[in-house]
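Beneath this line is the structure, given in structure tokens, with notes to follow.
Worth saying up front: this structure is predicted, and the values here are computed from it rather than measured. Side chains are part of it too, since the values below use all heavy atoms of this structure and drop only hydrogens, waters and symmetry mates.
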Amino acid sequence: MVEVPLNPIGREEVHRLESVLLFATLFRPEVIELIKDPSERLTWVDSLAVAAGAIAREKAGMTVPEIAEELGRTEATIRKHLKGETKAGQLVRETYEQIKQGKLDELVKNIEVLAKGGELVPAEECEKLRREKEELEKEKRQLEAKVENVRRALRDLLERMG
């Protein structure tokens with residue numbers, strides 16, 4: 001399973017969980033539909049970001065007042081997200097559960113690759129590259145063995161001549 005801090009300790013892990021929750025929720029098909037409308041997009045993205053931040057911090061053991069202060073929202077707003085009384089809160093909580101169950105491992109891995117500045121490669125391409133790498137490593141070992149044999153033969157020859 002991909003290493004997502006489901007019960008984060010420290011600010012870095014909270015931000016990591018928060019980011020994964022936000023992006024994994026944004027990439028869910030029903031959310032993509034919701035944010036297609038430009039007039040709704042900012043509201044949705046903001047609500048999802050607040051819900052992801054609230055849930056990540058809740059999982060780290062922060063209190064509602066601490067979360068509200070850190071996220072710059074009212075305690076009432078934070079409570080609604082945490083209780084799933086908002087659509088954003090429900091969606092992010094569902095995403096958290098799916099991550100916890102390992103159902104979003106591939107998506108989470110892709111999010112982490114992108115976050116580190118990498119590019120996504122389709123699974124078939126990865127498998128093809130892995131096989132090529134194995135073949136090249138095998139060929140390298142064979143060549144190294146040949147080089148070692150030539151070195152031995154040269155040493156033997158030089159000893160006999162010297």
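Inspection of the His15 and Glu12 side chains reveals no N or O donor paired with an N or O acceptor under 3.5 Å. Between the side chains of Thr63 and Glu66, at least one donor-acceptor pair of N or O atoms lies under 3.5 Å.
Side chain of Arg73 to backbone of Val50: no donor-acceptor contact under 3.5 angstrom is found. Distance alone, capped at 3.5 Å, is enough to place a donor-acceptor pair between the Arg57 side chain and the Gly53 backbone. Of the possible donor and acceptor atoms, one in the side chain of Arg41 sits under 3.5 Å from a partner among the backbone N and O of Lys36. Between the side chain of Gln90 and the backbone N or O of Gly84 there is at least one donor-acceptor pair closer than 3.5 Å.
Heavy atoms only, all atoms of each residue included: Trp44 and Ile35 are closest at CB-CG2, 3.6 Å. Taking both residues in full, the closest heavy atoms of Ile32 and Phe27 are given as CD1-O, 3.6 Å, listed atom of the first, atom of the second, then distance. Of all heavy-atom pairs between Glu13 and Pro5, the closest is O-CG, 3.5 Å. Residues Glu18 and Ala49 come closest through the heavy atom pair OE2-O, 4.2 Å. The shortest non-hydrogen separation linking Val92 to Ala52 is CG1-CA, 3.7 Å. Closest approach of Ala56 to Leu17, counting heavy atoms only: CA-CD2, 3.8 Å.
Residues Ile78 and Glu75 form no side-chain contact, since every pair of their non-hydrogen atoms from C-beta on lies 4.5 Å or further apart. Proximity of Met161 to Leu157: side-chain heavy atoms (C-beta onward) are separated by under 4.5 Å at one or more points. Glu58 has its side chain within reach of Arg93: a pair of non-hydrogen atoms, C-beta onward, lies under 4.5 Å apart. Side chains of Arg16 and Pro8 form no contact here, defined as non-hydrogen atoms less than 4.5 Å apart. In this structure, the side chains of Arg11 and Glu70 come closer than 4.5 Å at one or more pairs of heavy atoms. A 4.5 Å side-chain heavy-atom check between Ile99 and Leu21 finds at least one atom pair inside the cut-off.
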(message) Using the rule given for side-chain contact (heavy atoms from CB on, under 4.5 Å), can you reason through Val147 versus Glu144, listing the C-alpha separation, both sets of side-chain angles and the distance that settles it, and then say yes or no?
(response) CA-CA 5 Å; Val147 167; Glu144 286 171 340; 5.6 Å; no
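Annotation for Arg155: atom CZ counts as buried by contact number, over 12 foreign heavy atoms lying within 6.0 Å. The environment of Lys80 atom NZ is sparse: at most 12 non-hydrogen atoms of other residues, nucleotides or ligands sit within 6.0 angstrom.
Val14 and Leu6 are members of different hydrophobic clusters when ILVMFWY side chains are connected at heavy-atom separations under 4.5 Å.
Ion pairing between Glu97 and Lys103 fails under the 4.0 Å rule for side-chain N and carboxylate O. Looking at Glu94 and Arg28, a side-chain N of the basic residue comes within less than 4.0 Å of a carboxylate O on the acidic one, giving a salt bridge. A salt bridge between Glu135 and Arg131 is absent, with no side-chain N of the basic residue lying under 4.0 Å from a carboxylate O of the acidic one.
Separating the CD atom in Glu33 from the CD atom in Glu40 is a distance of 13.0 Å, to the nearest 0.5 Å. Remark: Leu143 CG to Glu148 CD distance equals 13.5 Å, nearest 0.5 Å. If you take CG on Leu34 and CG on Leu91, they are separated by 7.0 Å, rounding to the nearest 0.5 Å. One finds the CD atom of Gln98 at 8.5 Å from the OG1 atom of Thr25 (value rounded to the nearest 0.5 Å). The distance from atom CD1 of Ile67 to atom CZ of Arg79, rounded to the nearest 0.5 Å, is 10.0 Å. Expressed to the nearest 0.5 Å, how far OG of Ser47 lies from NZ of Lys87 amounts to 12.5 Å.
Applying side-chain contact (heavy atoms from CB on, under 4.5 Å) to Arg130 and the options Glu134, Lys128, Lys133 leaves one that passes, Glu134.
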